[in-house]
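In what follows, a structure is listed as C-alpha cells, so that the remarks can point back to it.
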Amino acid sequence: MNIEENKLQMPNYSPSLKRKRLFNELDQYETVSLLLVTGDSGYGKTMLISSYIREKNIPAVWYQLGSSDRYAHIFLSYVKTGIYRQLGIDHSPQIIEAEDADAELANVISLLADRNQPLLLVFDDYQLVDPSPEIEPIINGLINSSPAVTVIIISRGLPRLPITKLKVERKYKELTTADLAFTLDETCQFFNEMNQMNLEDQEVQFIFERTEGWIASYQLILGVIAKMNGKERLLLWSTFPYVQDIYDYLSVEVLQAQPEEIKDFLYKTSILSELDPVVIDEFLGIDHSEKILNRLLTQHLFVYRDQQGIIRYHRLFRQYLYQNYKGNIKNDYMKEHLRLAGIYEKRYQLINAFAHYTIGKDYLMAARIMGLIRDLYNPVESMLFLDGWLEEISAGDSFAINTLFLIRCVPLATLKELTTLFEENISLLKKKKNELWLCNLQHRLATIYLMRGDIVQAKQLFSDSLKGSEQFHDHPMSALNLILMAEIYRYLGNYEKAIELVRKAVFISDKYRIRHTQIHALDTLATIYLDKEKVDKAAPYIELALNLAKEHDKSTLIFVYTTMGRLYSVKNDSAKAIEWGEKAVSLAESYNNDFDNGWSKHELGKTYFKSQKYEKAKRCFEQAFHAFSLFTHYQCMVGISMYQIYSVIGDGAHAEKVYKEIKSTCEKYDFYWLLDSLKPKKASKDAKEQMKPLSIQTLGSFKVTYKNKPIIIKRQSSLRLLQYFITHRNKKIEKDMIIDTVFPDGSLHNIENHFNVSLSVLRKTLEPDLKSGVHSRFIKRFGNQYIFDTTDIDLDVETFLNLTKEDSDCDIKKLEKGITLFQGDFFEEYPYEAMLENERERIRHLFVKTSQMLAQHYFQQNNYQKCFLHFERILDKDPYQEDIYFDYLEMLLKKNLVTKANKVANDMKQFFADEMGISVNDQIQHIFSKFSVQIHG
C-alpha cells in the first residue's frame with residue numbers, strides 16, 4: 001500500500017493575516033519539546049501553524065491525520081516518510097508491516113537523536129487518532145528523541161498524553177481557544193487592512209464582541225458583506241447572528257458530528273447562560289451532566305470556563321442552539337424558563353430566578369423575587385448585573401421587551417445611583433462613535449429620567465435612541481421609544497404630536513408582530529383619546545389591548561385595567577369604572593412595586609372623586625402620593641389631585657399646604673405644564689381674564705406691552721437678543737449658537753458677560769415682577785440651552801402663521817384675520833438685520849400667497865371689490881411682485897374694467913422703469929392683446 005502524498009503536504013493559506021502576537025509566542029518553539037495547539041472548530045489552528053512555518057522558513061514535517069491513521073504501522077509509515085524526505089534520505093514511500101513497527105520507530109528516533117538543527121513534527125487533527133492506544137508511545141518517543149525536535153499537535157481536544165513531566169521541565173507550551181481568538185486589533189486588521197472593507201470602528205467592535213473572535217465566522221461574514229454598502233451592512237448587524245452561512249457551518253462542522261445524546265443535551269442546555277452540572281441534572285432529570293460537560297470541555301466544543309470558573313457556551317454557538325431549540329418546541333420554551341426559575345429559586349440563586357421568571361413572563365413571581373433581591377443584595381450591583389442579563393439569557397431577543405418591567409421593579413433610589421454610570425457609558429460610546437450600543441443605553445437612561453420626572457432630558461434621550469434604533473433596525477426599541485415620546489407629548493398637552501408618534505409605534509408593532517409594544521401603543525392611544533373625552537375612538541383600542549395583554553403580556557394588565565376604568569369613567573358608568581380600577585389596584589399590590597401602586601391608585605382615586613366618594617378618593621390619592629415619593633413628576637400629578645379634593649371637601653389647611661409644596665416642586669423642576677392645572681380656577685369666563693400678559697407686535701411697527709402698559713427695550717443688545725429669540729421661538733437653542741449670532745465680536749470673556757447682562761435686562765424688561773430669571777415664564781433655560789416660550793405671549797407673527805399655515809383647511813375667516821395682522825414686514829424697522837432676513841422672506845411669501853388665495857376665492861364668488869382689494873394690498877406691501885401685476889391685469893380685463901387696467905399697467909411700467917430700470921411694455925402688451933383691448937398712455 002502506497003503513501004497518500006497529500007497527507008504530507010503542508011496547507012497553504014496565503015494570503016493570510018500575519019498574527020504577530022501569536023508568532024511571538026511560537027518563536028519559543030526551540031525551548032519546548034511539545035507545543036499543543038487546541039481549540040474549537042474554526043479558530044485557525046492549522047492556518048496559524050502553517051503560516052508561521054512558511055513565514056519563518058523552518059524545516060518541518062507536516063502530517064494531516066485521518067481516522068485510518070490510528071494504527072501504529074500506518075502512522076509510523078507517514079512519520080518515517082516525512083522525516084526521511086526532510087533529511088534528504090532516499091526512501092521508498094510505502095506502508096510498513098505491522099510487525100516491523102517497533103523496529104522502525106527505534107530507527108526513526110535514532111536518526112532524530114543525531115539532529116542538531118531545529119525540526120518541527122506537526123500532527124494536524126490529532127483528535128482523530130487520540131483514542132488509539134497505539135499512537136501514544138510513538139508520540140512520546142518523538143517528543144523525547146532530540147532537543148532539536150519539537151512536536152506540534154493540532155487538535156480540537158486535549159490529547160491523552162503524559163504532559164505533567166514536560167510542564168515541570170518547562171518543555172511544554174500550549175495555545176488554547178482563548179489565545180487563538182482574534183483580538184479587536186486583529187479583527188480590524190483582518191477586515192480593513194487585509195480585505196480593505198473600510199468598516200467603521202463600531203462595526204469592528206460589534207463583530208468582535210458578538211463572535212468572541214471566532215475566526216471562521218470572520219471569513220463567513222466577509223463573504224456576506226463583501227459587496228454590501230454601509231446601509232445594507234446595518235441591516236445585517238440588526239439581524240446578526242442570523243447569517244445562514246454561520247448557522248450552516250455550526251450545523252455541518254460541529255453539531256452533526258455529535259451523537260444524539262450530546263445533541264439533545266446541547267439544545268436543552270442552551271436555555272442556560274451558566275452550565276452548572278447540579279442545576280442541569282435537576283433540569284434534565286439525569287445524573288451525569290458533569291461528565292458530559294467535561295467531555296465538551298476536553299473536545300473544545302464551543303464551551304469554556306470564564307475567569308470565575310463558570311462553564312459557558314460561546315455566544316454564537318449558544319444563540320444558534322437556543323434559536324433552533326425555540327423553533328423546535330415553540331411556545332413551550334417559556335415553560336422551560338419557568339422550570340429553571342423554580343430550580344434557581346430553590347437554590348436561592350435569586351438573580352437567575354428573577355431573570356428566568358421574567359423571560360418566562362411570570363411577572364408576578366419575578367416581582368416577588370425582585371422584592372427579595374432588594375432586601376438582600378446591594379441594589380446598584382444587582383441592577384448592573386441585571387442590566388443586559390435578561391438579554392444574555394434570552395439569546396437574541398431585544399432588551400426592549402423587558403426594559404419597562406425591569407425598571408418598574410427596581411427602586412428609583414437605586415436608579416438614581418445608576419444614572420451616573422449610564423451617563424458615563426453613553427459619553428464613552430459617543431467618543432468612540434459606537435452607535436450600535438448607544439441607542440440601548442440612551443433608551444434605558446431615558447426611561448429612568450421619565451420615571452424621575454426629568455421630562456425634558458427623557459424626551460431628548462428617547463429621540464436620540466429612536467434615531468439609533470431606526471438606523472440599526474431594532475424595531476421593538478423603535479416602537480418603545482415612539483410610545484414613551486408620545487407619553488411625554490401627552491403630558492405637555494401636545495396631543496397632535498403624541499398621536500402621530502404612537503400611530504407610528506402601532507404600525508411598527510403590527511408589521512413586525514411585536515406584541516409587547518403593540519399592547520403599550522394601543523393603551524397609550526386610548527389614553528390620549530380619553531384625555532380628549534373621545535370615547536368612541538378610545539374604546540376599540542383599549543379592548544384590543546386588553547385581549548392582547550391577556551394572551552401575550554400579563555405585566556401590562558395593570559395599565560390596561562386602569563385605562564378601562566378611565567373609559568367607563570368618561571362614559572359616566574361609575575360602577576364599572578370603579579370595578580376596573582379596583583382590579584388594577586389589586587394586581588399592582590400583588591406586584592408590590594411603587595410605580596404600579598402609585599399609578600393604579602391615582603387613577604382609581606380620580607374615579608372615586610368623580611363619583612363623589614371623597615373619602616375613598618382621598619385615601620387613594622394619599623397612598624399614591626406616598627408610592628410616588630421618588631417619582632417627582634408623577635407625585636406632582638397626584639398632588640394636584642389632592643389639592644383639588646381638599647378644596648372640594650373644605651379642608652383648606654391641607655389644600656394650602658399641598659398647593660405650596662407642589663407649586664414649589666413644579667417651579668423647581670420647571671413642570672410648567674402642571675402649573676397651569678394647579679392654578680385655582682376662577683368662576684368668571686370673561687375673555688379679558690384669559691388675555692395673555694405680554695403682547696409683542698413684529699409685523700410692521702415693533703411694539704411691546706406688558707399688562708397693557710407699553711415697554712421700551714432701551715438696551716440695544718437686549719433688543720437684538722429678543723429679535724433672535726422671536727425668530728427662533730419655541731425651540732431649544734444652544735447658548736453658543738445664540739452668542740455667535742447676536743454677539744459676534746469681542747473676547748470670549750467679554751461676550752459671555754455681555755450675553756448674561758443682556759439676557760438679565762431683557763427678562764426684567766419683559767417681566768417687571770420677575771424676582772429671579774430661573775422662574776421666567778418666557779425665556780427658559782435647560783442646561784446650556786434656552787427656549788423662548790410663547791405660551792403666555794400674544795405674538796402677532798405666531799398668530800399670523802397659525803391662521804395662514806400652508807396646510808390650513810382654507811377657512812376664509814381665519815385667512816382674513818391672519819392677513820389683517822400683516823401690517824408690514826417682520827421687524828420692518830430693522831431692514832439690515834441679517835439674522836431676521838430668512839424669517840422676513842418666509843412671512844412675506846406667505847402673506848402674498850394667502851392674499852392671492854383670497855383674491856381667487858372672491859373672484860369666483862363674484863365679489864370683485866374684495867378680490868381687487870387683496871391685489872392692491874399685495875402691491876402696496878410688496879410692489880416688486882411682477883406676477884401679481886399680471887394676474888391683477890388679467891382679472892380686470894376679464895371683467896372689462898379697461899380704465900382700471902390701464903391705470904394699473906401704467907403704474908407698473910413707471911415703477912419698474914424708475915426702481916429697477918427695466919421695461920415691461922411687451923409683457924403688458926401681450927396681456928392686453930389677449931383680450932383685444934388697446935393700451936392707453
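Predicted, not measured: the structure shown is a model, and the values here were computed from it.
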Got a second to check how far [X]'s [atom1] is from [Y]'s [atom2], nearest 0.5 Å?
| X | Y | atom1 | atom2 | answer |
| --- | --- | --- | --- | --- |
| F822 | L846 | CZ | CG | 9.5 Å |
| L674 | C666 | CG | SG | 5.0 Å |
| E667 | I662 | CD | CD1 | 11.5 Å |
| L694 | I793 | CG | CD1 | 5.0 Å |
| D796 | Q823 | CG | CD | 9.0 Å |
| M485 | Q460 | CE | CD | 8.5 Å |

* Report the C-alpha distance between R781 and Q785 in whole Å, list the side-chain angles of each, state the deciding distance to 0.1 Å, and finish with yes or no for side chain to side chain contact (heavy atoms under 4.5 Å, CB included). => CA-CA 6 Å; R781 179 179 177 179; Q785 296 176 318; over 6 Å; no
Decide, yes or no, whether a salt bridge links [X] with [Y] under the criterion of side-chain N to carboxylate O below 4.0 Å.
| X | Y | result |
| --- | --- | --- |
| K459 | D464 | no |
| D792 | R777 | yes |
| E816 | K813 | no |

[X] side chain to [Y] main-chain N or O, any donor-acceptor pair under 3.5 Å?
| X | Y | answer |
| --- | --- | --- |
| S469 | L466 | yes |
| K735 | Y786 | no |
| K663 | Y659 | no |

* **Audit row: R515, E551, salt bridge (charged side-chain N to carboxylate O under 4.0 Å, His left out) steps and yes/no** => CA-CA 10 Å; R515 296 305 186 193; E551 184 178 355; over 6 Å; no
Within the 4.5 Å heavy-atom criterion, are [X] and [Y] side-chain neighbours or not?
| X | Y | value |
| --- | --- | --- |
| L604 | Y608 | yes |
| V502 | Y541 | no |
| R720 | E833 | yes |
| F462 | T447 | yes |
| S629 | Q635 | yes |
| L699 | D825 | no |
| S574 | T607 | no |
| H516 | P476 | no |

* **Criterion side-chain hydrogen bond (donor to acceptor under 3.5 Å, both in side chains) on Q697 and D794, from CA distance to verdict** => CA-CA 8 Å; Q697 180 178 314; D794 182 7; over 6 Å; no
* Given side-chain hydrogen bond (donor to acceptor under 3.5 Å, both in side chains), test N572 with K610 step by step and report yes or no. => CA-CA 9 Å; N572 295 314; K610 186 175 181 179; 3.2 Å; yes
When the aromatic ring centroids of [X] and [Y] are compared, is their separation below 6.0 Å?
| X | Y | value |
| --- | --- | --- |
| F628 | F595 | yes |
| F827 | F702 | yes |
| W673 | Y491 | no |
| F826 | F847 | no |
| F621 | H602 | yes |

Contact summary for [X] and [Y], nearest pair of heavy atoms:
| X | Y | value |
| --- | --- | --- |
| G818 | F800 | O-CD1, 3.1 Å |
| L795 | T698 | CD1-CG2, 4.1 Å |
| A505 | A479 | CB-O, 3.6 Å |
| A588 | S600 | CB-OG, 3.4 Å |
| L450 | A458 | N-CB, 3.7 Å |
| V638 | F625 | CG1-N, 3.7 Å |

* To do: With sequence neighbours excluded, tell me which residues meet side-chain hydrogen bond (donor to acceptor under 3.5 Å, both in side chains) with S776.
  => E767
* Partners passing side-chain hydrogen bond (donor to acceptor under 3.5 Å, both in side chains) against K780 (at least two apart in sequence or in another chain) -> D789
* How would you list, by chain and number, every residue that makes a salt bridge (charged side-chain N to carboxylate O under 4.0 Å, His left out) with E543, sequence neighbours excluded? -> none
* Not counting sequence neighbours, which residues clear salt bridge (charged side-chain N to carboxylate O under 4.0 Å, His left out) with R729? List them please. => E839
* To do: Hey, can you tell me if Y724 and H728 have their rings parallel, tilted or perpendicular (30° and 60° cut-offs)?
  => tilted
Can you list, pair by pair, the side-chain donor-acceptor contacts under 3.5 Å of residues 524-533, counting residues two or more places apart and other chains?
residue : atom : partner : partner atom : Å
T524    : OG1  : H520    : O            : 2.9
T527    : OG1  : D523    : O            : 2.8
Y529    : OH   : R503    : NH2          : 2.9
D531    : OD1  : R566    : NH1          : 3.1
D531    : OD1  : R566    : NH2          : 2.8
D531    : OD2  : R490    : NE           : 2.5

* Take T790 and E798 through the test side-chain hydrogen bond (donor to acceptor under 3.5 Å, both in side chains) and record every step on the way to the result. => CA-CA 9 Å; T790 62; E798 189 167 62; 2.7 Å; yes
* List the steps and the verdict of side chain to side chain contact (heavy atoms under 4.5 Å, CB included) for V704 and S695. => CA-CA 6 Å; V704 183; S695 175; over 6 Å; no
* Under the side chain to side chain contact (heavy atoms under 4.5 Å, CB included) rule, what do L803 and L815 come out as? Steps first, then yes or no, please. => CA-CA 6 Å; L803 291 170; L815 296 178; over 6 Å; no
* What residues form a ring pair (Phe, Tyr, Trp, His ring centres under 6.0 Å) with Y669, not counting sequence neighbours? -> F671
[atom1] ([X]) with more than 12 external heavy atoms under 6.0 Å:
| X | atom1 | result |
| --- | --- | --- |
| D769 | CG | yes |
| K576 | NZ | no |
| F782 | CZ | yes |

* Passing option when N481 is tested against K504, H443, E470 for side chain to side chain donor-acceptor pair (under 3.5 Å) -> H443
* Asked: Given S509 and T517, is the side-chain hydrogen bond (donor to acceptor under 3.5 Å, both in side chains) satisfied, shown in steps?
  -> CA-CA 6 Å; S509 303; T517 55; 2.8 Å; yes
